[in-house]
Structures are given as structure tokens and as C-alpha cells.
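In what follows, a structure is listed as C-alpha cells, so that the remarks can point back to it.
Computation of the quantities below employed the complete heavy-atom set of this structure, encompassing side-chain atoms and omitting hydrogens, waters and symmetry-equivalent molecules. Note that the numbering runs from 1 along the sequence shown for the chain.
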Amino acid sequence: MKIIEVDAGRFVNIDNVFKMDLIKVEKSDACYWRFYCSDDCYSISKEFENNATAREWLFMQIMRASGGNEVIEL
């Protein structure tokens with residue numbers, strides 16, 4: 001089980017996510033991740049200033065959750 005904190009106090013089990021979308025905020029370069037665990041159920045991450053920052057954050061979160069089988073927070 002790989003749990004990441006996508007926003008303050010909001011957690012997602014990456015193993016249950018079947019789709020992720022990078023959503024751009026209107027009229028800015030900002031964006032956020034949308035994690036789907038079913039067609040009707042999704043969670044939104046914190047906002048990032050650009051696509052590169054969002055992709056780097058996601059990569060680091062998954063690597064941290066995967067490395068050493070540590071539990072980030074319960």
C-alpha cells in the first residue's frame with residue numbers, strides 16, 4: 001500500500017488509483033492533480049505553479065512511498 005498526502009490532511013492510496021489527470025487552472029500556469037479511484041470518486045491535490053513542478057512533486061511522493069516500504073502517515 002502506497003499512501004501519499006495530496007493536500008493538507010488529504011491522503012490517497014496510489015495502489016487504488018486507476019487514472020490521474022493534470023488539470024490546468026484557467027487564466028494561469030497553475031495546475032493540480034486529480035486522482036481517480038472510480039468513475040465517480042476522485043481527490044484533488046494541492047495547486048502547483050506549473051506542470052514541471054506538479055510532475056516532480058508526484059514523482060517524489062511516489063518514490064518516497066515506495067522506498068523502504070515506509071508508512072508516510074496514518
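- For N13, the side chain to side chain donor-acceptor pair (under 3.5 Å) criterion is met by no residue, not counting sequence neighbours.
- Residues that satisfy the side-chain contact (heavy atoms from CB on, under 4.5 Å) test with F59, not counting sequence neighbours, are M63.
- For D40, there are no salt bridge (Lys or Arg N to Asp or Glu O under 4.0 Å) partners two or more places apart in sequence or in a different chain.
- For T53, the side chain to side chain donor-acceptor pair (under 3.5 Å) criterion is met by N50, not counting sequence neighbours.
- For the pair F35 and L58, the minimum side-chain heavy-atom distance is below 4.5 Å.
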Which pairs would a plain distance check flag for residues 22-29, meaning a side-chain donor or acceptor within less than 3.5 Å of a matching protein atom at least two apart in sequence or in another chain?
from : atom 1 : to  : atom 2 : distance (Å)
K24  : NZ     : S28 : O      : 2.9
S28  : OG     : A30 : N      : 3.1

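- Contacts of Y42 classified as side chain to side chain donor-acceptor pair (under 3.5 Å), with partners at least two apart in sequence or in another chain: none.
- Look at R34 and D21 and you find no salt bridge, because none of the NZ, NE, NH1 or NH2 atoms lies under 4.0 Å from a carboxylate O.
- The shortest non-hydrogen separation linking W57 to K46 is NE1-CE, 3.7 Å.
- Counting all heavy atoms, side chain and backbone alike, Y32 lies closest to E47 at CB-CA, 4.3 Å.
- In this structure, W33 contributes its side chain and A54 its backbone to a donor-acceptor pair below 3.5 Å.
- For the atom pair C41 SG and Y36 OH, the distance stands at 11.0 Å (nearest 0.5 Å).
- Note: the hydrophobic cluster containing V17 also contains F48 (ILVMFWY, side chain heavy atoms under 4.5 Å, direct or indirect links).
- If you take CD1 on I4 and CD1 on I62, they are separated by 5.5 Å, rounding to the nearest 0.5 Å.
- Residue V12 comes nearest to V6 through the heavy atom pair CG2-CG1, 3.7 Å, listed as atom of the first residue, atom of the second, then distance.
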